[in-house]
A.B. asks: 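Questions regarding the structure given below will be posed in turn.
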Amino acid sequence: MASPFAYELEHVCKRSGARAGTLTTPHGKIKTPIFMPVGTNSAVKTLTGDQVEATGAQIILANSYHLYLRAGTKLIKQFGGIHKWMNWDRPVLTDSGGFQVFSLSHLRKITEDGVEFRDPKDGSTHFISPEISMEIQQDIGADIIMAFDECAPYPCSYEEAKSAMERTHRWLERCFRAKTNENQALFPIVQGAFYDDLRQESARVISSFDAVGYAIGGVSVGEPTDIKNHFVKMTAPLLPENKPRYLMGVGTPEDLLDGIKNGIDMFDCVLPTRNARHGAFFTPEGSRNIKTQQFYDDPRPLVEGCDCYACKNHSRAYIRHLWRCGESTAATLLSIHNTKFLVDFSQKAREAILNDTFEEFYNEQMSRLVKK
RNA sequence: GGGUAGGUGCCCGAGUGGCUAAAGGGAGCAGACUGUAAAUCUGCCGUCGCGAGACUACGAUGGUUCGAAUCCGUCCCUGCCCA
């Protein structure tokens, strides 16, 4: 049976490493570079499926760890998999639980076999190994599933970083052995923290596995931007050229520009929705906060010319009013705007790449963003 | 009219002699957030001053005391109960 997955590298910018491509999945094609909104609990927070769809999102993320705890991945399987479960028929990607090894580090214990977690909500203990992560992700049934990795913190010692990386590689082997569903693509993840030789070694090792796409993990864990950029820049070109490259957990509009310039094709980040719930909205001139006094009587949309639902229908003053009254609609409107902003942003970058004007696009957008 | 419980900073509300410019919330004003334990967290929040500090403040007023939001007198106001 032919693989339902394919990736076509359509164009590489002549003056930078920026790439445009198309990734085919069982639930449709993804045009890269692409920003993927995060819906940890099988919902993009504060948004309905229609609203997510209206942002133009081509694919969304969900999380193995969270869905395993609630609702229970067997239940999702019983409903016919995550697409039917949440009534979303475009592609879905699930994270493996590897990020929770980092983010819930005080609630877990790592052994060679796997990781013992305590549920932050009820204290119950759960064990996830590479094999169990694969079983969970196969039950969920996303199009793209991620290797169960150990995401190291920043800063961390060379020994720690090396040990996490090597374990990630051994676990990767086990993930590939445990994965059986041909309709899912398993992406390996580069680790190695912030050490050049470890990143090089990790990229080499994971590239030796035959995969549909490859991810860079362990960034955006608190390190300064220039360090992040250095490691993305040196790591991305070490991954197979004719396969999509996914930079996990990134990022801001600036991060997208830098990532794309350095040859990244896929991004995901909680920022557009989390920051929306905290009152922030993206603009081409940087992030603003609707809570601030300056917007109290501002009749303009969040961003002039933006064609998201929030901007087409409401003023800053109105959204600020909703925010101050504690109306959840404020978070919804900001989430719609922020998500569409990043989706559009990656789409514009794609067009620029195809037109060989990415360099200009990068310079123009970056100078606007940093000016503030 | 009698009794009783009260009146604290923008609001709610602790505080019954010095450790009180006055707990804790809320509101307000800012900031953080990157494979979501997050609609969360942090800072500021009487006035003036960069600052040390000064000034003003716990219904009003008079007193006791080295010292009062806290104790006493009088007055004003509010809730509740009885007539």
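Being a predicted model, the structure only gives us computed values, none of them experimental. Below, chain A is the first sequence line, B the second, and so on; all start at residue 1.
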A.B. asks: Please collect all side-chain hydrogen bond (donor to acceptor under 3.5 Å, both in side chains) contacts where either partner lies in residues 323-333 of chain A, sequence neighbours excluded, each pair once.
C.D. replies: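 The answer is none; no pair qualifies.
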A.B. asks: Determine the interatomic distance between C1' on G6(B) and the same-named atom on A32(B); round to the nearest Å.
C.D. replies: 43 Å
A.B. asks: Identify, with sequence neighbours excluded, every residue that meets ring pair (Phe, Tyr, Trp, His ring centres under 6.0 Å) alongside Phe127(A).
C.D. replies: none
A.B. asks: Would you tabulate the side-chain donor-acceptor contacts of residues 145-156 of chain A under 3.5 Å, counting partners in other chains and residues two or more places apart, or write 'none'?
C.D. replies:
from      : atom 1 : to        : atom 2 : distance (Å)
Asp149(A) : OD2    : Gln191(A) : NE2    : 2.7
Glu150(A) : OE1    : Arg167(A) : NE     : 3.0
Glu150(A) : OE1    : Arg167(A) : NH2    : 3.4

A.B. asks: Would you be so kind as to tabulate the donor-acceptor pairs closer than 3.5 Å made by side chains of residues 258-270 of chain A, with sequence neighbours excluded?
C.D. replies:
from      : atom 1 : to        : atom 2 : distance (Å)
Asp258(A) : OD1    : Tyr362(A) : OH     : 2.5
Asp258(A) : OD2    : Asn229(A) : ND2    : 3.1
Asn262(A) : ND2    : Asp258(A) : O      : 3.1
Asp265(A) : OD1    : Arg19(A)  : NE     : 3.0
Asp265(A) : OD2    : Arg19(A)  : NE     : 3.2
Asp265(A) : OD2    : Arg19(A)  : NH2    : 3.0
Asp265(A) : OD2    : Arg245(A) : N      : 2.8
Asp268(A) : OD1    : Tyr246(A) : OH     : 2.6
Asp268(A) : OD1    : Gly249(A) : N      : 2.8

A.B. asks: Who are the side-chain contact (heavy atoms from CB on, under 4.5 Å) partners of Arg90(A), not counting sequence neighbours?
C.D. replies: Glu53(A), Trp88(A)
A.B. asks: What parts of residues 331-346 of chain A reach RNA chain B, counting only heavy atoms under 4.0 Å away?
C.D. replies: none
A.B. asks: Heavy atoms of chain A, cut-off under 4.0 Å: which first and last nucleotide of RNA chain B, 5' to 3', fall inside that, if you could look?
C.D. replies: G28(B) to U40(B)
A.B. asks: Tell me the salt bridge (Lys or Arg N to Asp or Glu O under 4.0 Å) pairs involving residues 124-141 of chain A, sequence neighbours left out?
C.D. replies: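 Qualifying pairs, neighbours excluded: Lys74(A)-Glu135(A), Lys74(A)-Asp139(A), Lys77(A)-Asp139(A), Glu131(A)-Arg174(A).
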A.B. asks: Donor-acceptor check, side chain of Ser133(A) to backbone of Ser129(A), threshold 3.5 angstrom: yes or no?
C.D. replies: no
A.B. asks: Using the side chain to side chain donor-acceptor pair (under 3.5 Å) criterion, which residues pair with Thr168(A)? Sequence neighbours excluded.
C.D. replies: none
A.B. asks: Short of 4.0 Å, heavy atom to strand atom, which residues of residues 186-220 of chain A count as contacting RNA chain B?
C.D. replies: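 Close to the strand are Ile189(A), Gln191(A), Gly218(A), Ser220(A).
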A.B. asks: For Phe5(A), which residues count as a ring pair (Phe, Tyr, Trp, His ring centres under 6.0 Å) partner, sequence neighbours excluded?
C.D. replies: none
A.B. asks: What residues in residues 20-39 of chain A put a non-hydrogen atom under 4.0 Å from any atom of RNA chain B?
C.D. replies: Val38(A)
